[in-house]
There are 2 protein chains.
Amino acid sequence: MSTKNKLNTIFDSDLRHLMVVSYFVLGNNAVTNRYIERRYQFPVQAWSTLFSIVMFPGIRAKEITHLFPRPQNTISRAISLLATRGLIRHQTSTTDGREKRLFATPAGEELLDEIRAISVQRQDELFSPLTDAERETFFTLARKIANGPKLLESDAMPSDVATGKERNTA
Amino acid sequence: MSTKNKLNTIFDSDLRHLMVVSYFVLGNNAVTNRYIERRYQFPVQAWSTLFSIVMFPGIRAKEITHLFPRPQNTISRAISLLATRGLIRHQTSTTDGREKRLFATPAGEELLDEIRAISVQRQDELFSPLTDAERETFFTLARKIANGPKLLESDAMPSDVATGKERNTA
DNA sequence: GCTAGAAAGATCCATTTGGATCAATCTTTC
DNA sequence: GAAAGATTGATCCAAATGGATCTTTCTAGC
């Protein structure tokens, strides 16, 4: 049985909906992450962070973790890397001394434009098997899933599950 | 502007197709990975690997990297972890001494059944915003994308791009 | 049947990761 | 207005990651 047939078998199984999305996103991430890291010498979350800051000048680090679901320290590190490179600057909020408002520098905006253009090309490439109408259908459905209440809070896989270790001693 | 509105703005941008999928997969992965690691004390790729082995008895490590696009050493480590736990066994191929054929033990099959049942529940939960018909439409389109020729080989983001460092010295 | 090259899988090691903790600041309650 | 608790973002550190390399085995060409 060839690898292609094995993939088809998986995509016929009871977990097919989850598997097919995992597969294409894992595959796409491998391509995207390698490219961004090699070409720009920073992790992909630095690009996500820069994107957030250019789109929403004055955004706070905490909010970025909600736009791109990554751990807080990951975003924190991306911010300090971008600041070191002179791509963003931060200024402490006047109303709350804990908050740091983030802004892109001209160099940051310029770099974002470049990466963004390449990403649009990548998007076209990735979705090229679909017609325009199909892309919109896919997008509409994906957006419904993204808005679902159980995306980040699961009953099936609760975040406070007892660990294997604890279960053994119980 | 609230975080919810920011998300909607992103989902209205030129990168919306990529962003919406990234968003829901990153979110789902956070939930799934944390659960599997906490509950079973192994990384999520160990479950992917066990799944592959139960589905396809005698599969080789190399093939698993094509079913779940992860680096080769990641799968190699998952295999040795599963073997240590007594969940799988390997036997060197009679026709090729380099190949190790992988098989699940009864304990491995039992564990897979358990995780698989939970994963099906998680799948239902994640896709609950869609009707059954919408789920099938989404699946059909996602499968087309997964089968696309540019998934793992990109023109927009080629794997042999010159690094930032090299470009500076050129 | 010998040698050069390719392929499978294990291992090495510098770097990254993310849960946990910490310091600073703000809010609430009495 | 003092103390307890919550929130933001930085930092710590043990563990995981993944590119590169190594070993073993197979294959091709002569």
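So you know, we letter chains A, B, ... as the sequences are listed, proteins then strands, and number each from 1. The structure displayed is predicted, hence computed values, not measured ones.
Shown for residues 55-72 of chain B: residues whose heavy atoms fall under 4.0 angstrom of DNA chain C, namely B:Arg60, B:Ala61, B:Lys62, B:Gln72.
In this structure, B:Leu67 and B:Phe51 have side chains that are not in contact, with every pair of non-hydrogen atoms separated by 4.5 Å or more.
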Working for salt bridge (Lys or Arg N to Asp or Glu O under 4.0 Å), residues B:Asp12 and A:Arg143 | CA-CA 11 Å; B:Asp12 286 337; A:Arg143 191 166 177 168; 3.5 Å; yes
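Contact check, B:Ser76 against C:dG9: no side-chain N or O comes under 4.0 Å of OP1 or OP2. An OP1 or OP2 oxygen of C:dT17 is reached within less than 4.0 angstrom by no side-chain nitrogen or oxygen of A:Thr74.
Nearest to the side chain of A:Glu99, among D:dT8, D:dA10, D:dG18, sits D:dT8. Residue A:Arg98 places its side chain closer to C:dA24 than to any other of C:dA24, D:dC26, C:dT17.
We find that CZ of B:Arg38 is positioned 13 Å from C1' of C:dA20, with the value rounded to whole Å. Rounded to a whole Å, the CG atom of B:Asp96 is 12 Å from the P atom of C:dA7.
Side-chain to base pairing of B:Arg77 with D:dG18: one donor and one acceptor N or O lie within less than 3.5 Å of each other.
Toward the 5' end of DNA chain C, the nearer of the two residues B:Ser80 and A:Gly97, judged by each one's closest nucleotide, is B:Ser80.
Rounding to the nearest 0.5 Å gives a distance of 8.0 Å between CG of B:Asp113 and CD of B:Glu110. The structure places CD of A:Gln91 at 9.0 Å from CZ of A:Arg101, a figure rounded to the nearest 0.5 Å.
The residue A:Gln45 sits close only to the backbone: its heavy atoms come under 4.0 Å of sugar-phosphate atoms, none of a base.
The aromatic rings of A:Phe11 and A:Tyr23 stand perpendicular to each other, their planes meeting at an angle above 60°, with 30° marking the opposite boundary.
Between the side chains of A:Glu136 and B:His17, a donor-acceptor pair is found at a separation under 3.5 Å.
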